[in-house]
Amino acid sequence: MTYDAIVVGGGHNGLTCGAYLARAGKRILVLESKSVVGGAAVTEEFSPGFRASTYSFIMGHLHPKVIDDLELRKFGLERIPVPDVINPTDDDCIVFTKDPEKNRNQIARFSRRDAEKYGKFLDQLQAAVNILRSLQLETPADPFRTDPLGLWRTARLAWKLRKRQHEIHSLIRTFSLSAHDFVDRWFETDIVKAKFMFWATIGGNVGPYSPGTAFYLVAHLIGQTGMSFARGGMGSISNAIAKSGEAHGMKVRTCAPVDEILVANGRATGVRLTSGEEIRCKRVIAATNARVTFGGMVRRNNLPGEFMEWIDGYRSRGKSFKLLCAVDRLPQYRGFSREKTGVEYPAYAHICPTPAFLERAFDEAKYGWYSTEPFLSPIVPTYYDDTLAPAGRHVVTFQGGVTPYSLTNGTWDQERPRLVENVYKVMDRFAPGFSESVIDYRLLLPKDIENDINLPGGNSQHGELTLDQLFFMRPVPGYADYRSPIKGLYQCGASTHPGGAVSAVPGHNAAREVLRGWRWS
């Protein structure tokens with residue numbers, strides 16, 4: 001059978017792109033190398049009876065348009081709102097929700113001055129977030145393209161943004177300011193500063209005192225679905241997308257790793273699996289990381305030299321780890337109080353009591369080691385979702401840092417247990433007795449992530465979110481429109497705009513461009 005298009009990679013973006021194309025009446029085949037679809041959005045058993053979202057963990061970035069277009073609720077997706085996030089100190093904690101007035105009251109417990117400034121800070125932060133949200137569903141306009149389509153896209157974007165100078169200025173500042181400088185000019189209290197600065201550490205490779213890290217802070221707040229878990233874990237998102245596509249004829253094959261994207265006369269003609277099987281199609285859409293696609297599945301001799309220089313320089317270094325713990329009781333934070341916070345239980349926390357605590361976690365990583373006191377984001381999904389653990393038991397997952405891809409004067413084989421001990425020490429400081437509650441665990445380091453889901457460097461964003469790897473520069477100048485130098489070969493993974501997180505936006509945008517190309521061909 002000849003397919004209209006083959007999607008290489010069954011992560012949530014590949015599935016999204018395939019589902020949109022199937023709904024448009026195209027014959028679509030999605031090929032996934034693992035035995036389950038989802039890529040980084042999967043739910044897996046890591047200890048007998050205990051399941052967790054192995055990599056990604058929050059549903060808040062999944063775009064509402066995708067949820068509605070693909071009817072994901074109909075296909076089993078259930079959202080569990082997470083109403084609050086706490087930041088514990090040794091003897092107290094601060095809690096934030098989506099209610100600005102409640103947040104202001106929480107800040108006032110630590111500083112009335114900070115509470116008074118919160119409104120203006122939130123306006124500035126929201127202005128930058130609003131611009132990013134408005135750009136999410138755009139195919140990046142390349143201001144250096146002079147063909148009619150390029151000029152039209154640039155003019156269209158300029159017209160759309162013509163009256164949004166304040167928001168644009170707020171966003172531009174984030175490209176040069178550190179997260180610390182962005183926050184420090186507004187607040188005086190360490191826990192309030194650290195509350196906002198924590199967002200700048202997620203997926204980053206430098207500490208929040210480094211220039212440009214304010215953008216990470218803003219980028220991690222653009223989700224429009226609301227802070228939430230997917231019942232059954234993040235794999236439920238991928239499964240719902242797959243079912244949506246399959247309901248319209250999309251075929252999904254697992255355990256089908258692709259060795260090569262076939263090219264003839266400058267055009268993609270199909271794929272060859274590692275088994276040797278060849279499958280022909282009219283178009284190929286790669287949901288894989290740009291460095292896996294180009295120079296890997298598409299052989300270098302089929303690609304322009306200048307293009308490959310950019311791909312070779314595409315940075316996807318990861319420095320975050322994931323720790324999945326099976327526990328026999330809920331963590332109890334020393335500083336948490338129902339009376340002070342109005343929260344029943346803190347199922348989502350950020351452990352970073354001061355800005356210096358966050359910055360120090362990056363210090364040892366600069367020289368090839370790992371953090372003695374890692375910052376942590378402990379999450380207890382089983383407080384809301386009893387499908388993930390046996391009765392009376394719980395799952396606690398940690399996203400934390402900082403862990404280099406490789407160590408200087410040491411190996412991860414030797415140091416893995418010591419990193420886990422460091423995590424336990426930090427948790428025991430803020431949640432006494434946590435380490436005694438652990439039944440079993442699984443640790444995932446950047447190299448583990450790379451090996452398991454074919455993500456070079458183990459970077460959770462599929463590539464650093466720096467100015468030279470954003471918008472019309474992502475992943476390569478001239479090819480941010482989800483196309484490639486090969487005719488009929490498209491990109492739809494998080495190496496493209498707008499980047500990582502489980503948003504499904506790259507898959508959505510790429511499907512639109514594929515269909516547009518179909519109309520013009």
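Scope of the values below: all heavy atoms of this structure, side chains included, with no hydrogens, waters or symmetry mates.
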### Query
Closest heavy-atom contact between Ile67 and Leu62?
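Heavy atoms of Ile67 and Leu62 come nearest at CG1-CD2, 3.7 Å.
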### Query
From Ile86 CD1 over to Thr97 OG1, what is the distance, rounded to the nearest 0.5 angstrom?
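Reported value, rounded in 0.5 Å steps: 13.5 Å.
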### Query
Hey, are Asp428 and Lys425 close enough for a salt bridge, meaning a charged N less than 4.0 Å from a carboxylate O?
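No, Asp428 and Lys425 are not salt-bridged.
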### Query
So, Tyr20 versus His508, ring centres under 6.0 angstrom or not?
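Centroid distance Tyr20-His508: below 6.0 Å, so yes.
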With no hydrogens and no angle check, just 3.5 Å: does a side-chain donor-acceptor pair link [X] and [Y]?
X	Y	value
Tyr370	Asn422	no
Thr496	Gln491	no
Asp468	Thr466	yes
Gln136	Arg133	no

### Query
What pairs meet the salt bridge (Lys or Arg N to Asp or Glu O under 4.0 Å) rule with one or both residues in residues 203-218, with sequence neighbours excluded?
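Matches after skipping sequence neighbours: none remain.
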### Inter- and intrachain pairs under salt bridge (Lys or Arg N to Asp or Glu O under 4.0 Å), touching residues 197-208, at least two apart
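The answer is none; no pair qualifies.
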### Partner of Phe375 under ring pair (Phe, Tyr, Trp, His ring centres under 6.0 Å), chosen from Phe430, Phe398, Phe362
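In the set Phe430, Phe398, Phe362, the residue that makes a ring pair (Phe, Tyr, Trp, His ring centres under 6.0 Å) with Phe375 is Phe362.
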### Query
Who passes side chain to side chain contact (heavy atoms under 4.5 Å, CB included) against Thr372, sequence neighbours left out?
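Scan of Thr372 (side chain to side chain contact (heavy atoms under 4.5 Å, CB included), adjacent residues dropped) gives Glu364.
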